[in-house]
Amino acid sequence: MTGKRNDYISWDEYFMGIAVLSSKRSKDPNTQVGACIVNDQKIIVGVGYNGFPIGCDDDKLPWDREGDWCDTKYPYVCHAELNAILNSHGNLHGATLYVALFPCNECAKAIIQSGIKRVVYLSDKYRDSDSSKASRRMFDDAGVRYEHFESDKEIVIKF
Ligand SMILES: Nc1nc(=O)n([C@H]2C[C@H](O)[C@@H](COP(=O)(O)O)O2)cc1CO
Ligand SMILES: [Zn+2]
């Protein structure tokens, strides 16, 4: 008798894998972020990555990080989490968000208001920023759990 294979990926690895794959679509030269929203039945209901709004030309808006604020990417770029929420279908109440980078305070508000109850993140490279602090404060108040993604798996995709 042959048993089932054992080296399959976990649900968390599967959904974080989709978030990371989505980040590969980002045109941001410095930080690529992907997000995947999963409902309480483990069905994917939204995905997104950071990029400029629909109709705004990737080659015309700036990707700079410094300089006059209007000449940087910051006023224009839609964060992965916001895109995943805006692209989603169905009810997000009780859903989990898998994201490659811990959410900023603006996305934290949208996450809370949409009904998402759990955030699983990979990188926390801006953890000491005021924005991250504000996100944690709001998540704590609103009862949104957040946890660092832990895995020792390496997933390679070769086409
Ligand atoms: N959680 C996040 N989701 C995101 O989609 N982003 C996006 C906005 C920018 O396009 C990029 C951050 O650029 P930089 O400051 O690391 O060069 O990642 C940023 C954060 C950080 O809070
Ligand atoms: Zn954000």
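Along the sequence shown, residues carry numbers from 1. Atoms within each ligand, like the ligands themselves, are counted from 1 in listed order.
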Closest non-hydrogen protein atom to [atom], residue and atom name please, with distance?
atom                    : result
atom 13 (O) of ligand 1 : Lys73 NZ, 3.0 Å
atom 11 (C) of ligand 1 : Asp28 OD2, 3.5 Å
atom 12 (C) of ligand 1 : Thr31 CB, 3.7 Å
atom 5 (O) of ligand 1  : Ala80 N, 2.9 Å
atom 7 (C) of ligand 1  : Asn50 ND2, 3.5 Å

Item checked: Close approach of Cys107 to ligand 1, heavy atoms, under 4.0 angstrom ->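 Contact check Cys107 vs ligand 1: negative.
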
Item checked: Non-hydrogen atom of Phe102 closer than 4.0 Å to ligand 1 -> yes

Please examine the side chains of [Y] and [X], heavy atoms only from C-beta on, and report whether any two atoms are closer than 4.5 Å.
X      : Y     : result
Ile111 : Leu97 : yes
Ile116 : Thr96 : no
Leu92  : Val45 : yes

Checklist line | Ser132 side-chain N/O to Ser129 backbone N/O, donor-acceptor pair under 3.5 Å | finding: no

Notebook entry, point to check: Do Ser26 side-chain atoms and Asn50 backbone N/O form a donor-acceptor pair below 3.5 Å?
Noted result: yes

Check: What are the two closest heavy atoms between Arg136 and Arg127, and how far apart are they?
Finding: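 For Arg136 and Arg127, the tightest heavy-atom pair comes out as NH2-O, 3.0 Å.
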
Checklist line | Within reach of ligand 1, part of Tyr126 (heavy-atom separation under 4.0 Å) | finding: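 For Tyr126, the contact with ligand 1 is made by the side chain alone.
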
Check: Hey, is Cys104 touching ligand 1 through its side chain, its backbone, both or neither, going by heavy atoms under 4.0 Å?
Finding: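 Looking at Cys104 and ligand 1, atoms from backbone and side chain both fall under 4.0 Å.
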
Next item on the list: Kindly assign one of parallel, tilted or perpendicular to the pair Tyr146 and Phe102, based on the angle between their ring planes and the thresholds 30° and 60°.
Entry: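 Aromatic pair Tyr146/Phe102 classed perpendicular.
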
Check: Excluding waters, how many protein N/O/S atoms sit closer than 2.8 Å to the Zn ion (ligand 2)?
Finding: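 Those protein atoms number 3 in total.
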
Margin query: I'd like to know if Lys73 pairs up with Asp28 as an ion pair, taking the criterion as any Lys NZ or Arg NE/NH1/NH2 lying under 4.0 Å from an Asp or Glu carboxylate oxygen.
Written below: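 Looking at Lys73 and Asp28, the cut-off is met.
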
Notebook entry, point to check: Are Asp12 and Arg118 within salt-bridge range, i.e. N to O under 4.0 Å?
Noted result: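 Salt bridge between Asp12 and Arg118, a charged N being under 4.0 Å from a carboxylate O: yes.
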
Item checked: Nearest-option assignment for atom 19 (C) of ligand 1, heavy atoms, candidates Lys27, Lys125, His79, Glu81 -> His79

Note to self: Going by the closest heavy atom to atom 21 (C) of ligand 1, which one wins out of Leu101, Val99, Asp64?
What the structure shows: Leu101

Notebook entry, point to check: Near Asn30, which atoms of ligand 1 are under 4.0 Å from a heavy atom of that residue?
Noted result: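 In order of number, 14 (P), 16 (O), 17 (O).
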
Margin query: Please list, in number order, the atoms of ligand 1 under 4.0 Å from a heavy atom of Tyr74.
Written below: 14 (P), 15 (O), 17 (O)

Next item on the list: Decide whether an N or O pair under 3.5 Å exists between Val77 and ligand 1.
Entry: no

Notebook entry, point to check: What residue pairs, at least two apart or across chains, pass ring-ring contact (aromatic ring centres under 6.0 Å, His included) with a residue in residues 24-65?
Noted result: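 Pairs touching residues 24-65 that pass the test: Phe52-Trp63.
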
Checklist line | side chain to side chain contact (heavy atoms under 4.5 Å, CB included) against Asn87, all qualifying residues, sequence neighbours excluded | finding: Asn83

Notebook entry, point to check: Could you state the interatomic distance from CE (Met138) to NZ (Lys109), rounded to the nearest 0.5 Å?
Noted result: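 Interatomic distance, Met138 CE to Lys109 NZ, rounded to 0.5 Å: 6.0 Å.
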
Tabulate below the donor-acceptor pairs under 3.5 Å that side-chain atoms of residues 14-23 make, not counting sequence neighbours, or state none.
{"from": "Ser22", "atom 1": "OG", "to": "Ile18", "atom 2": "O", "distance (Å)": "2.7"}
{"from": "Ser23", "atom 1": "OG", "to": "Val20", "atom 2": "O", "distance (Å)": "2.5"}

